[in-house]
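Taking it in order: structure first as structure tokens, then the write-up.
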Amino acid sequence: MKGWRDMRRKFRKMAGYAMILARTGMLRRVPALYDALEMHPTSCNLMITNRCNLRCVMCGQWKEQPQKELETGAWKTIIRDLKDNRITSLHLTGGEPLLRSDTVELVAFASSLGFTVGMTTNGSFLSEETMRLLVDAGLRSIVISVDAVGKAYDGIRGIRDGFARAEKAAGIISRAKRDAGIDASVNFTLMKDTMAEFDGVKRLADDLGLPVSICLLDDTSKLFRVEENAKKFW
């Protein structure tokens, strides 16, 4: 037992090793490592809806049948439970989280409990008014997904005139970052069909004062476990 405790103390000091485990998904695949390393999660992604208005070529989410969603009260119970389990940061995802009518309410509730609340959106339903309500509710960060510009965006996202809405939403997010001081960024999914599009997305983000994070297309995320990805996009 003493030898195991000594080894555990050494592991706890190896923050770089723990980060590698997290980034490679080992902690997710082997939850017992949390106890072995005396670690606990501090952040949680909440997929509040599986509905999405886009038809992205690399994502399987929109192909699923819409499920009966938890009501507002049920989500609040979950959020309280997460608070009791020492989670400090929540990130709302989907599907498209703004398809729910209570997203602002959930942000406000989580914020009132002391959570740092963020959200990922495709921007289709983001207006100036919605952005203001989210910020007033306590939203501290927002990520918009943009994988290309112009017609290339529409082709990847599977929707006509989708880029115009995404570009408008990115502008709204940029102004919220400037005026309200929230964290904001553009998420870019890197795959074979988007490699040539990165420069255009980066220029758009630079013009808006938004950093770009790159999401690698792999099967770590359930959303990307699509047969077509392995055949064509990886």
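On a predicted model such as this, the values are computed, not experimentally measured, just so you know.
A distance of 12.0 Å separates CD1 in I182 from CZ in R178, rounded to the nearest 0.5 Å. Here CG of L98 is found 10.5 Å from OG1 of T49. Values are rounded to the nearest 0.5 Å. Once rounded to the nearest 0.5 Å, the distance linking OG1 of T72 with CG of D102 reads 3.5 Å. Atoms CG and CD1, from L126 and I172 in turn, are 5.0 Å apart once rounded to the nearest 0.5 Å. Between the CG atom of N187 and the CD1 atom of I142 there is a distance of 12.5 Å, given to the nearest 0.5 Å. Here I156 contributes atom CD1 and S145 contributes atom OG; the two are 12.0 Å apart, rounded to the nearest 0.5 Å.
Using a 4.5 Å heavy-atom cutoff, the side chains of V107 and L92 are in contact. In this structure the side chain of R55 never reaches within 4.5 angstrom of the side chain of I159, judged on heavy atoms. The closest side-chain heavy-atom distance from L134 to M119 is below 4.5 Å. In this structure, the side chains of S185 and L210 stay at 4.5 Å or more apart for every pair of heavy atoms. Between V146 and E197, the closest side-chain pair of non-hydrogen atoms is not below 4.5 Å. Looking at heavy atoms from C-beta onward, R175 lies in side-chain contact with E128 at the 4.5 angstrom threshold.
Surrounding NZ of K76 are more than 12 heavy atoms belonging to other residues, nucleotides or ligands, all under 6.0 Å away. Within a 6.0 Å sphere centred on CD of E129, heavy atoms belonging to other residues, nucleotides or ligands number more than 12. Residue-environment remark: NZ (K83) exceeds the threshold of 12 foreign heavy atoms within 6.0 Å.
Under the 3.5 Å distance criterion, the side-chain polar atoms of T103 are matched with a main-chain donor or acceptor of P97. Panel note: side chain H91, backbone T120; a donor-acceptor pair is recorded below 3.5 Å. At least one donor-acceptor pair closer than 3.5 Å links the side chain of D147 to the backbone N or O of T189. Of the possible donor and acceptor atoms, none in the side chain of S89 sits under 3.5 Å from a partner among the backbone N and O of S43. For S127 (side chain) and T130 (main-chain N/O), a donor-acceptor pair under 3.5 Å exists by modelled atom type. Formation of a donor-acceptor pair under 3.5 Å by the K151 side chain with backbone atoms of F163 is not found in this model. Proximity of a side-chain donor or acceptor of D154 to a complementary backbone N or O of G162 within less than 3.5 Å is detected. Within the 3.5 Å criterion, the main-chain N or O of A108 finds no donor-acceptor partner in the side chain of S111. Between the side chain of N85 and the backbone N or O of I87, no donor-acceptor pair lies under 3.5 Å.
Salt bridge status for R51 with E96: absent, with no side-chain N to carboxylate O gap under 4.0 Å. In summary, D136 and R132 engage in a salt bridge, as defined by a charged side-chain N under 4.0 Å from a carboxylate O. In summary, R140 and D183 do not engage in a salt bridge, as defined by a charged side-chain N under 4.0 Å from a carboxylate O. Residues R165 and D161 are not paired through a salt bridge, judged by the lack of any N-O separation under 4.0 Å between the basic side chain and the carboxylate.
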Before you tell me yes or no, could you show the steps for R80 and F109 under side-chain contact (heavy atoms from CB on, under 4.5 Å), namely the whole-Å CA-CA distance, both residues' side-chain angles and the distance that decides it to 0.1 Å? CA-CA 9 Å; R80 286 193 198 95; F109 179 75; 3.6 Å; yes
Between V186 and K202, is a side-chain contact (heavy atoms from CB on, under 4.5 Å) present by the stated rule, with each step listed? CA-CA 9 Å; V186 171; K202 183 65 166 60; over 6 Å; no
Intermediate values then yes/no, side-chain hydrogen bond (donor to acceptor under 3.5 Å, both in side chains), N45 and T93: CA-CA 7 Å; N45 284 2; T93 69; 5.4 Å; no
Please lay out, stage by stage, how L216 and I214 fare under the test side-chain contact (heavy atoms from CB on, under 4.5 Å). CA-CA 6 Å; L216 301 178; I214 297 176; 4.2 Å; yes
Take L113 and I79, measure what side-chain contact (heavy atoms from CB on, under 4.5 Å) needs, and give me the verdict at the end. CA-CA 9 Å; L113 294 181; I79 291 170; 4.0 Å; yes
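What you find for T194 and F188 is that their closest heavy atoms are O-CZ, 3.1 Å. Across G209 and K177, no two heavy atoms sit closer than the pair O-NZ, 2.8 Å. L54 and Y153 make their closest contact through CD1-OH, 4.2 Å (heavy atoms, listed as atom of the first residue, atom of the second, distance). Across I144 and G123, no two heavy atoms sit closer than the pair CD1-CA, 4.1 Å. Pairing each heavy atom of A184 with each of I173, the nearest pair is CB-CG2, 3.4 Å. Considering every non-hydrogen atom in both A170 and L208, the closest pair reads CB-CD1, 3.5 Å.
V143 is not connected to V212 by any chain of hydrophobic side-chain contacts under 4.5 Å among Ile, Leu, Val, Met, Phe, Trp and Tyr, and they are in different clusters.
Side-chain polar atoms of N53 and S124 form a donor-acceptor pair below 3.5 angstrom.
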